[in-house]
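Heads up: the structure comes next, in structure tokens.
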Amino acid sequence: MSIPLILASKSKARRDVLFHAGIRATIRVSHVDEAAVVASTAAQRGITVDEMTTEDRVPLLARAKAAAVYREYMEISAAAAQATGEMHVSYPLTDGFGTVAEVKSVHEAIEEHEGLTDAKVGPLIIGCDSMFELDGVPYGKPHTEDHARERLRLMRGRTGTLWTGHCVIDAATGRMVSRASHAEVTFCDFSDAMIERYIATGEPLEVAGSFTLDGFGGAFIDRIEGDPSGIIGLSLPLARQLVEELDIDWTDLWNMDREEQQEHSIPVSVLKSIGAVPPKENVHQPGDGFIDCACGHKHWGLNGASGVLLARRNPETGEVTHVLMQHRALWSAEGGKWGIPGGATADGESPLEGALRESFEEANIRPRDIDVVGSYMEDHGPWGYTTVFAFEKPGHEVHPHANDDESLEVTWVPIDEVGKLPLLTAMKTDWPRFEERLRKISRQTF
């Protein structure tokens, strides 16, 4: 299996650079406060922000973004390592639905899947940041039309430098390498009318330097001296060099063939057939996709899927009082119904790791705030769904929040009220047994 690559950026341009180089990266947004990082570093160095060079800033921000995602994965790894309890396995296609045919420890189940926690190398996390420099002044994203207009007028007919910082972290070892690439970009003498029409496309507002090479702005670039992919936002030559400095072969990251590069997303016709057409900006991640199952249904997750059933207990008695539930977005399969936060298992993950990651991304369930106390897997052969049972840690509170567009809401529901909700079909069937097991585990562990 290839070594998973995580891109700490939602940039479609960077994602596409990797995609066309044979790598479907997993996308994890870092949510770094860039201005605060630069200001803090400048203060530590005893200089002003304006005294920091662009060449210094971009790798600094790339490191901050990669490190933020790395810390999240370390939280997942720690929570998985501390998991306790039993995994109950059901084989409904052979033994009947709901019949527990096998019981093993959660750690035994983790070891069988050889997830990211036990990996000797990877996943690799790559962070990037770009800035355009003209007359020694760094320019990031303009955000507003007025700023874009001012910058484009300043740039026309001139040559500036596009700097892109890169950082690669091997999550298995914690080793980090970082550097910046740069290229000289010469623009044509575009007119005010061209600037206005370019701004009207919306493209220059949210890109470094107010221009792109791979979009509408590419026609205004007369000449490039340096690495073209660095201008797009991710230098393939530099990324390859950094990966090799970690003693990893770049070709070990390839996880696609030429046929797979034909389309970025699942065909809309397939999604429409099950009533699940996501917003256009949703990213197709490694592991996303439907499997045709012998049970007669299409199941989400090429590697299976999983979610976290998180319960809250009375701190005095240990009695289970609430369960964290997700109200599914209307565009999703069985939209409008209730279930638990979860999703497809990514390449290289164990179901437990996938459940912890998905629940954090969708519902803000931080792994450091919960204790995993067991799981249940419904195994259909080529596909399975794992429900991970967890409680809030003593002294910790989970504050749920819908972090993406897959939820109408995420909220704590009194345990006695869960069965009254319009539940997802599978959840409705499983809930009586899940409720009984949650209460039993709580009595045994409190």
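Every value quoted in this text rests on a predicted model; they were computed, and no experiment measured them.
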Minimum heavy-atom distance between Cys167 and Ile169, given as atom pair plus value = SG-CG1, 4.1 Å
Looking at Glu102 and Lys104, does any basic side-chain N land under 4.0 Å from a carboxylate oxygen?
-> yes
Point-to-point distance, once rounded to the nearest 0.5 Å, from CD of Glu72 to CD1 of Ile125 = 9.0 Å
From CD1 (Ile291) to NZ (Lys298), nearest 0.5 Å = 10.5 Å
Electrostatic pair Arg45-Glu51, nearest N-O below 4.0 angstrom | no
Hey, would you say the Phe211 and Phe132 ring centroids sit under 6.0 Å apart?
-> yes
Check: Asp379 side chain, Ser90 main-chain N or O, donor-acceptor pair, under 3.5 Å | no
Check whether the ring centres of Phe434 and Tyr376 lie less than 6.0 Å apart, and answer yes or no.
-> yes
Verify, without hydrogens or angle tests, whether Ser442 (side chain) and Leu438 (backbone) share a donor-acceptor contact under 3.5 angstrom.
-> no
If you round to the nearest 0.5 Å, how far is OG of Ser350 from CG of Asn303?
-> 11.5 Å
Scanning both residues in full, the closest heavy-atom pair of His299 with Cys293 reads CD2-CB, 3.3 Å
Any side-chain donor paired with an acceptor under 3.5 Å for Asp227 and Ser229?
-> yes
Taking C-beta and beyond as the side chain, do Val308 and Ile340 meet within less than 4.5 Å on heavy atoms?
-> no
Side chains of Ser332 and Glu406: is there a donor and an acceptor less than 3.5 Å apart?
-> no
Judged by modelled atom types alone, do His143 and Glu206 share a side-chain donor-acceptor pair under 3.5 Å?
-> yes
Start with the C-alpha distance between Glu34 and Arg57, add both sets of side-chain angles, then the distance that settles salt bridge (Lys or Arg N to Asp or Glu O under 4.0 Å), and finish with yes or no.
-> CA-CA 10 Å; Glu34 298 181 17; Arg57 293 189 197 196; over 6 Å; no
Identify the two heavy atoms, one from Thr164 and one from Val58, that lie closest to each other, and give their separation to 0.1 Å.
-> C-CG2, 4.0 Å
Give the intermediate values and the outcome of side-chain hydrogen bond (donor to acceptor under 3.5 Å, both in side chains) for residues Ser407 and Gln326.
-> CA-CA 6 Å; Ser407 309; Gln326 177 190 42; 2.7 Å; yes
Note, Asp288 side chain near Leu302 side chain (heavy atom, < 4.5 Å) = no
Indicate yes or no: at least one non-hydrogen side-chain atom of Asp430 is less than 4.5 angstrom from one of Thr387.
-> no
How are the rings of Tyr385 and Trp383 set to each other: parallel, tilted or perpendicular (split at 30° and 60°)?
-> tilted
Between Lys428 and Glu334, does at least one N-O distance fall below 4.0 Å, as a salt bridge requires?
-> no
Salt-bridged, Glu361 to Arg357, with N to O below 4.0 Å?
-> yes
Test side-chain contact (heavy atoms from CB on, under 4.5 Å) applied to Val398 and Glu392, Arg366, Lys393, the passing residue | Glu392
Value for NE2 (His322) from CE (Met325), rounded to nearest 0.5 Å, stands at 13.0 Å
Short question: side chain of Trp331, backbone of Asp405 - any donor-acceptor pair under 3.5 Å?
-> yes
When you check the side-chain N and O atoms of His401 and Asn364, is any donor under 3.5 Å from an acceptor?
-> no
To the nearest 0.5 angstrom, please state how far the CZ atom of Arg24 sits from the CG atom of Leu7.
-> 13.5 Å
Between Thr251 and Asp249, do the side chains contain an N or O donor and an N or O acceptor separated by less than 3.5 Å?
-> yes
Is there a side-chain contact between Leu309 and Met427, using heavy atoms and a 4.5 Å cut-off?
-> yes
State whether a side-chain donor-acceptor pair under 3.5 Å links Glu358 with Ser306.
-> no
For His396, does the NE2 atom sit with more than 12 other heavy atoms under 6.0 Å from it, leaving out its own atoms?
-> yes
In a check of side-chain contact (heavy atoms from CB on, under 4.5 Å) between Ile23 and each of Leu18, Ile3, Val17, which one passes?
-> Leu18
Are the side chain of Arg28 and the backbone N or O of Val69 linked by a donor-acceptor pair below 3.5 Å?
-> no
So, for Ala311 and Trp412, which heavy atoms are closest and what is the spacing to 0.1 Å?
-> C-CZ3, 4.0 Å
Salt bridge between Arg240 and Glu244, side-chain N to carboxylate O under 4.0 Å?
-> yes
What pair of heavy atoms forms the shortest contact from Ile27 to Lys10, and how long is it?
-> CG2-CA, 3.9 Å
Using a distance-only test with no angle check, is there a side-chain donor-acceptor pair under 3.5 angstrom linking Thr445 and Arg313?
-> yes
Run the side-chain hydrogen bond (donor to acceptor under 3.5 Å, both in side chains) check on Glu203 and Thr212 step by step: do they pass?
-> CA-CA 8 Å; Glu203 181 181 273; Thr212 66; 2.7 Å; yes
Say whether Glu145 and His147, considering side chains only, have a donor N or O and an acceptor N or O under 3.5 Å apart.
-> no
Taking the side chain as C-beta and beyond, is there a heavy-atom pair between His20 and Met256 under 4.5 Å?
-> no
Val418 side chain near Trp431 side chain, heavy-atom distance below 4.5 Å = yes
Arg437 versus Gly374, closest heavy-atom pair with distance = NH2-CA, 4.1 Å
Does Val320 offer a backbone N or O that forms a donor-acceptor pair with the side chain of Asn314 under 3.5 Å?
-> no
Is there a side-chain contact between Ile248 and Val121 (heavy atoms, below 4.5 Å)?
-> yes
Kindly compute the distance separating CG (Leu423) from OG1 (Thr425), expressed to the nearest 0.5 Å.
-> 9.5 Å
Within the distance-only criterion (no hydrogens, no angle test), does the side chain of Glu362 pair as donor or acceptor with the backbone N or O of Ser359 below 3.5 angstrom?
-> no
Any chance the side chains of Thr321 and Arg312 put a donor and an acceptor closer than 3.5 Å?
-> no
Between Glu133 and Thr54, is any side-chain donor less than 3.5 angstrom from a side-chain acceptor?
-> yes
Hey, are the side chains of Ile370 and Leu356 touching, using non-hydrogen atoms and a 4.5 Å cut-off?
-> yes
Identified side-chain contact (heavy atoms from CB on, under 4.5 Å) counterpart of Arg179 within the set Gln241, Glu55, His166 | Gln241
salt_bridge(Lys420, Glu417) N-O dist < 4.0 Å | yes
Heavy atoms of other groups near Glu436 CD, more than 12 under 6.0 Å = no
